[in-house]
**Student:** 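First the structure, which I've put down as structure tokens, then a few questions once you've had a look.
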Amino acid sequence: IGSSGTGIGHFKFPTSVTVDSNNNIYAYDYFNKNIQVINSSGVFTGTQWQVTASTSLTNQIAVGNNFLYFLDTTNQTVQKFDLIGTPQLPPWSTNIGSFTTPAGISTDALGFVYVSGNSAPNSGEVEVFDPTGALVNTIPLFPVFGKSTQTPGVLSVDLSGEIYVMESGFVQKYGSC
């Protein structure tokens with residue numbers, strides 16, 4: 001879907017994608033610094049919004065409860081948008097806990113936002129935020145079978161609230177919070 005370039009229906013370097021409950025696709029383009037919406041039929045809707053962000057290839061997006069969340073991994077912030085691109089809150093910081101580098105973002109069915117990342121020293125964690133951006137829980141990521149969780153990557157939360165975190169070479173499952 002789409003082609004190389006700028007403007008609606010064009011990407012230069014897409015780096016994150018997410019799908020909402022209506023099967024609309026949201027794609028973040030690193031070089032164009034925008035998010036484009038593609039409907040469930042594969043047609044660009046014309047909805048395209050610019051994102052004020054750092055120049056990081058690791059920026060991520062997630063959608064849940066009729067909002068899109070943009071994780072700016074360099075500035076360690078999350079920006080909440082409605083599904084037509086209007087910012088809903090000022091960006092909130094992901095370094096409230098002990099993060100040194102956020103890496104992934106996901107949402108659950110209740111509207112909570114999960115951000116995975118590194119925390120010092122040599123460990124990882126998932127920070128859980130309520131829909132307003134308030135930190136409500138921090139889940140430490142412990143090594144499993146001798147594998148380190150010092151650099152957790154992207155994460156996903158399933159419908160029952162189970163948390164899955166990708167690490168170099170494996171995916172680790174954590175219970176719901």
Side-chain angles (χ1 to χ4, degrees), residues 1-96 99-118 126-133 151-159 163-168 171:
I1 301 173
S3 59
S4 182
T6 60
I8 295 172
H10 297 88
F11 299 103
K12 285 191 119 181
F13 198 79
T15 58
S16 185
V17 65
T18 189
V19 179
D20 70 16
S21 60
N22 294 318
N23 291 323
N24 294 308
I25 302 164
Y26 299 81
Y28 168 68
D29 188 315
Y30 161 73
F31 280 122
N32 289 328
K33 287 198 182 351
N34 66 29
I35 296 170
Q36 294 196 48
V37 183
I38 305 146
N39 69 21
S40 59
S41 299
V43 176
F44 285 87
T45 65
T47 302
Q48 175 185 31
W49 65 87
Q50 295 301 119
V51 180
T52 303
S54 66
T55 55
S56 174
L57 286 171
T58 58
N59 293 337
Q60 298 288 311
I61 58 175
V63 68
N65 292 316
N66 295 314
F67 293 100
L68 182 133
Y69 298 88
F70 177 81
L71 175 63
D72 181 337
T73 58
T74 300
N75 292 319
Q76 298 185 358
T77 58
V78 174
Q79 176 68 62
K80 181 179 179 178
F81 295 92
D82 66 18
L83 295 182
I84 60 169
T86 306
Q88 298 299 297
L89 299 167
W92 72 75
S93 175
T94 62
N95 61 359
I96 294 169
F99 272 174
T100 55
T101 308
I105 189 166
S106 189
T107 60
D108 70 12
L110 301 174
F112 289 90
V113 178
Y114 298 73
V115 179
S116 64
N118 299 342
V126 173
E127 291 181 351
V128 184
F129 298 88
D130 72 13
T132 69
T151 55
V154 296
L155 80 156
S156 187
V157 180
D158 68 18
L159 292 175
I163 302 166
Y164 301 84
V165 180
M166 187 170 64
E167 175 63 46
S168 299
V171 174

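Numbers for residues simply follow the sequence, beginning at 1. Remember, predicted model here, so these are calculated numbers, not experimental data. Heavy atoms only: backbone and side chains are in, while hydrogens, waters and symmetry mates are out.
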**Student:** How many angstroms lie between CZ in F31 and OG1 in T6, if you round to the nearest 0.5 Å?
**Tutor:** 13.0 Å
**Student:** Taking all atoms of both residues into account, what is the closest heavy-atom pair of D108 and N65, and its distance?
**Tutor:** O-ND2, 3.6 Å
**Student:** To the nearest 0.5 Å, what is the distance between CG (L68) and CG (N24)?
**Tutor:** 11.5 Å
**Student:** Hey, could you give me the CG/CD distance between D29 and Q36, rounded to the nearest 0.5 Å?
**Tutor:** 7.0 Å
**Student:** Ignoring hydrogens and angles, tell me if any N or O in the side chain of S116 forms a donor-acceptor pair with the backbone of G104 under 3.5 Å.
**Tutor:** yes
**Student:** Can you name the closest pair of heavy atoms from G5 and K12 and give their distance?
**Tutor:** O-CG, 3.3 Å
**Student:** Side chain to side chain contact (heavy atoms under 4.5 Å, CB included) between Y28 and T18: does it pass, once the steps are laid out?
**Tutor:** CA-CA 9 Å; Y28 168 68; T18 189; over 6 Å; no
**Student:** Heavy atoms only: give me the nearest S156-S106 pair and the separation to one decimal.
**Tutor:** CA-OG, 3.6 Å
**Student:** Looking at OG1 of T74 and CG of N59, how far apart are the two atoms once the value is rounded to the nearest 0.5 Å?
**Tutor:** 6.0 Å
**Student:** Hey, could you give me the CG/CG distance between N39 and D20, rounded to the nearest 0.5 Å?
**Tutor:** 10.5 Å
**Student:** Is the closest side-chain heavy-atom distance between V154 and Q60 below 4.5 Å?
**Tutor:** yes
**Student:** Is the number of heavy atoms from other residues, nucleotides or ligands within 6.0 Å of CG (N66) greater than 12?
**Tutor:** no
**Student:** Of all the heavy-atom pairs spanning A103 and L71, show the shortest one and how long it is.
**Tutor:** C-CD2, 4.0 Å
**Student:** Would you say the side chain of T132 lies within less than 4.5 Å of the side chain of W92, judging by non-hydrogen atoms?
**Tutor:** no
**Student:** State which residue, out of F129, Y69, Y114, F112, fulfils the side chain to side chain contact (heavy atoms under 4.5 Å, CB included) condition with T107.
**Tutor:** Y69
**Student:** Please determine which of Y26, F67, F70 meets the side chain to side chain contact (heavy atoms under 4.5 Å, CB included) test together with F81.
**Tutor:** F70
**Student:** Looking only at heavy atoms, what is the nearest atom pair of Q50 and N34, with distance?
**Tutor:** OE1-CB, 3.4 Å
**Student:** What is the minimum heavy-atom distance between I61 and S16, and which atoms define it?
**Tutor:** N-OG, 3.0 Å
